[in-house]
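Presented below is the structure to which this report refers.
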Amino acid sequence: MKNLEEIQIPSVRGIQLLLEPIVVKLQNLENELQKLPKKVQPSKYYRAKDLKELFGLTNNTIIKYRNDGILPYTLLGGVYLYDAKAIDEMLEQNKSNSGRRLFYERSN
């Protein structure tokens, strides 16, 4: 029985022998990934839960905006998806500078 206080430090070569198969596998994986066709990143979509978290909307508000044509959507397999880019554009179009005016009015 070995003394529990004895610590055996592996040699550099021993560590290399342990790591070589891992490095080879990683290189093979990288080579296979390089062969895959480059895909265009699809546009990002929000779900209702994302709209609730990000913008504080309720389910009823989301449904009302969707039904009134305010909120563009795609229905895919019974799931409503909301294009993030379209929502960003809506936000930009509806941006108001009134907060900035109020700030200047108060400071003068």
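Positions are given from 1 along the sequence.
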Atom pair NZ (Lys49) and CG (Asn59), whose distance is rounded to the nearest 0.5 Å: 13.0 Å

Do the side chains of Leu91 and Leu71 join up, straight or via other hydrophobic residues, at under 4.5 Å, putting them in one cluster? yes

Which atom of Tyr82 lies closest to which atom of Ala48, heavy atoms considered: CE1-N, 4.0 Å

Rounded to the nearest 0.5 Å, how far apart are CD1 of Ile70 and CG of Asn94? 9.5 Å

In Å, rounded to the nearest 0.5 Å, how long is the span from CG of Leu57 to CG of Asp50? 11.5 Å

Report the C-alpha distance between Leu81 and Tyr73 in whole Å, list the side-chain angles of each, state the deciding distance to 0.1 Å, and finish with yes or no for side chain to side chain contact (heavy atoms under 4.5 Å, CB included). CA-CA 6 Å; Leu81 300 173; Tyr73 67 92; over 6 Å; no

For Arg47 versus Val79, what's the shortest heavy-atom pair and its separation? CZ-CG1, 4.0 Å

Looking only at heavy atoms, the pair that brings Leu75 and Gly78 closest together is CD1-C, 3.7 Å

From the list Leu17, Leu18, Ile22, side-chain contact (heavy atoms from CB on, under 4.5 Å) with Glu20 holds only for Leu17

What one should report as the nearest heavy-atom pair of Asp83 and Lys44 is OD1-O, 3.5 Å

Is any NZ, NE, NH1 or NH2 atom of the basic residue among Lys35 and Glu30 found under 4.0 Å from an Asp or Glu carboxylate oxygen of the other? no

Hey, are the side chains of Thr58 and Ile63 touching, using non-hydrogen atoms and a 4.5 Å cut-off? no

For a side-chain hydrogen bond (donor to acceptor under 3.5 Å, both in side chains) with Lys64, tell me which candidate from Asn67, Asp68, Thr61 qualifies. Asp68

About how many Å separate CZ of Arg66 and CG of Leu51, when rounded to the nearest 0.5 Å? 10.0 Å

Any side-chain heavy-atom pair of Phe55 and Ile87 under 4.5 Å: yes

Who else is in the cluster with Leu36 when I, L, V, M, F, W and Y are joined by side-chain contacts under 4.5 Å? Leu33

Report the distance from atom NZ of Lys85 to atom CE of Met90, rounding to the nearest 0.5 Å. 15.0 Å

